[in-house]
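Below is one structure, written out as structure tokens; comments come after it.
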Amino acid sequence: MRSKKLGKSTSEVNVTNVSKHGFWMLVSGKEYFLSFNDFPWFRETTVSQITNVRLLQPHHLYWPDLDVDLELESIENPENYPLIAKQ
């Protein structure tokens with residue numbers, strides 16, 4: 001018996017792990033880590049809120065439950081974005 005070839009993934013964003021330090025996600029095959037120190041608005045949220053994320057454009061993520069928008073560039077290089085919003 002042969003398995004059929006897998007189809008294209010329907011989700012381009014997957015949160016793969018959440019810890020007390022932050023969370024990891026895959027976006028279009030690339031892994032990112034979002035530290036709660038660099039992205040504090042995720043610290044007091046639920047796993048369900050963190051995992052409800054959408055890729056609106058190739059480099060633009062949106063968490064509708066939290067009304068948080070992030071560009072992948074700010075995740076890749078948070079040191080270039082020193083202004084962190086206060087909760």
Side-chain angles (χ1 to χ4, degrees):
M1 182 161 111
R2 296 185 65 164
S3 297
K4 289 187 177 185
K5 186 176 179 181
L6 295 176
K8 183 179 178 190
S9 173
T10 58
S11 175
E12 295 187 24
V13 182
N14 290 303
V15 174
T16 58
N17 191 19
V18 179
S19 78
K20 66 180 181 178
H21 303 289
F23 63 96
W24 291 261
M25 63 182 181
L26 286 173
V27 180
S28 301
K30 185 172 179 182
E31 186 174 46
Y32 296 90
F33 176 70
L34 285 80
S35 161
F36 293 142
N37 289 333
D38 291 329
F39 302 95
W41 44 89
F42 294 107
R43 184 178 283 124
E44 300 298 324
T45 62
T46 66
V47 171
S48 177
Q49 289 172 315
I50 289 174
T51 59
N52 184 19
V53 56
R54 298 190 179 124
L55 185 64
L56 297 182
Q57 296 181 6
H59 300 286
H60 179 195
L61 297 167
Y62 179 61
W63 284 262
D65 296 340
L66 305 169
D67 196 27
V68 171
D69 288 270
L70 290 176
E71 293 286 329
L72 290 178
E73 169 65 24
S74 68
I75 297 169
E76 291 174 339
N77 301 296
E79 67 279 0
N80 294 339
Y81 300 85
L83 298 177
I84 295 177
K86 304 288 183 200
Q87 281 190 338

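Met25 pairs in a side-chain contact (heavy atoms from CB on, under 4.5 Å) with only one of the listed residues (Val18, Thr51, Val15), which is Val15.
Asn52 places a side-chain heavy atom less than 4.5 Å from the side chain of Arg54. Counting only heavy atoms from C-beta outward, the side chains of Tyr32 and Leu26 never approach each other to under 4.5 Å. Side chains of Val47 and Phe23 form no contact here, defined as non-hydrogen atoms less than 4.5 Å apart. Contact of the Ile75 side chain with the Leu61 side chain is registered, since non-hydrogen atoms from C-beta on lie closer than 4.5 Å. With a 4.5 Å cut-off on side-chain heavy atoms, Trp41 and Leu70 count as touching. Between Arg43 and Asn37 there is a side-chain heavy-atom pair separated by less than 4.5 Å.
Across Lys20 and Phe36, no two heavy atoms sit closer than the pair O-CD1, 3.5 Å. His59 and Glu71 make their closest contact through O-OE1, 2.8 Å (heavy atoms, listed as atom of the first residue, atom of the second, distance). Summarising the geometry of Phe33 relative to His21, their closest heavy-atom pair is CZ-O, 3.8 Å, with the distance given to 0.1 Å. Across His60 and Asp69, no two heavy atoms sit closer than the pair NE2-OD1, 2.7 Å.
Under the 4.5 Å side-chain heavy-atom criterion for Ile, Leu, Val, Met, Phe, Trp and Tyr, Leu72 and Val68 are members of the same hydrophobic cluster. Linking ILVMFWY residues whenever their side-chain heavy atoms come closer than 4.5 Å, directly or via other members, places Val13 and Leu34 in the same cluster. Hydrophobic clustering (side-chain heavy atoms under 4.5 Å, transitive across Ile, Leu, Val, Met, Phe, Trp, Tyr) groups Val27 together with Ile50. Linking ILVMFWY residues whenever their side-chain heavy atoms come closer than 4.5 Å, directly or via other members, places Leu55 and Trp63 in the same cluster.
Remark: Phe42 CZ to Thr46 OG1 distance equals 11.5 Å, nearest 0.5 Å.
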